[in-house]
Amino acid sequence: MGDILLVCGMGIGITFFGLICLVVLTYLTSTLIKSMTKKNVEEKPEPVAATQPVQEAQIPNREEMVAALSAVIAEELGKDVSAIRIVSLKKL
């Protein structure tokens, strides 16, 4: 009976010791990574603002593009083109 308790105690002890080691190693690794990234952030220069605003490109054939998009959406949904209603278009 004593041998069984010894084996169980050793197993539980080794398990908790291993878990404590994992926690300590994780903490040390996170502090090391934080210190390395802090140095890299300090070294980077600030981004320069654009001097001219970006102009959005105008769509030359808007009606043709809406028709093509309607046809593609209708085909994917398996519906008739007349059942598709496009409310607005936004550039992504």
Side-chain angles (χ1 to χ4, degrees):
M1 184 76 176
D3 291 336
I4 294 174
L5 292 177
L6 178 67
V7 170
C8 288
M10 296 264 305
I12 292 172
I14 290 172
T15 301
F16 279 108
F17 178 74
L19 290 174
I20 291 170
C21 289
L22 282 175
V23 169
V24 170
L25 287 173
T26 304
Y27 177 76
L28 291 175
T29 305
S30 76
T31 55
L32 178 67
I33 290 174
K34 283 180 185 177
S35 68
M36 290 174 56
T37 55
K38 190 175 183 181
K39 289 178 184 177
N40 291 339
V41 170
E42 291 173 356
E43 294 174 1
K44 290 183 181 177
E46 294 182 18
V48 179
T51 56
Q52 296 178 352
V54 178
Q55 295 178 355
E56 292 186 25
Q58 296 294 326
I59 302 169
N61 300 325
R62 190 173 183 87
E63 293 83 17
E64 290 179 9
M65 189 181 77
V66 170
L69 288 173
S70 299
V72 169
I73 293 171
E75 181 69 29
E76 287 296 316
L77 294 177
K79 295 185 177 183
D80 189 39
V81 177
S82 61
I84 304 296
R85 184 178 133 200
I86 296 180
V87 178
S88 68
L89 295 175
K90 295 180 182 179
K91 184 177 180 179
L92 297 179

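Keep in mind that the numbers below use all heavy atoms, side chains included, and drop hydrogens, waters and symmetry copies.
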For residues 68-82, tabulate all N or O donor-acceptor pairs below 3.5 Å that involve a side-chain atom, not counting sequence neighbours.
residue, atom, partner, partner atom, Å
S70, OG, V66, O, 2.8
D80, OD2, S82, OG, 2.6

Just distance, no hydrogens or angles: give the donor-acceptor pairs under 3.5 Å from side chains in residues 7-32, sequence neighbours left out.
residue, atom, partner, partner atom, Å
T15, OG1, G11, O, 2.7
T26, OG1, L22, O, 2.7
T29, OG1, L25, O, 2.7
S30, OG, Y27, O, 3.0
T31, OG1, Y27, O, 3.3
T31, OG1, L28, O, 2.8

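Distance check: E64 CD to R62 CZ gives 13.0 Å after rounding to the nearest 0.5 Å.
Annotation for I33: hydrophobic cluster partners, listed by chain and number, are none (ILVMFWY side-chain heavy atoms under 4.5 Å, direct or chained).
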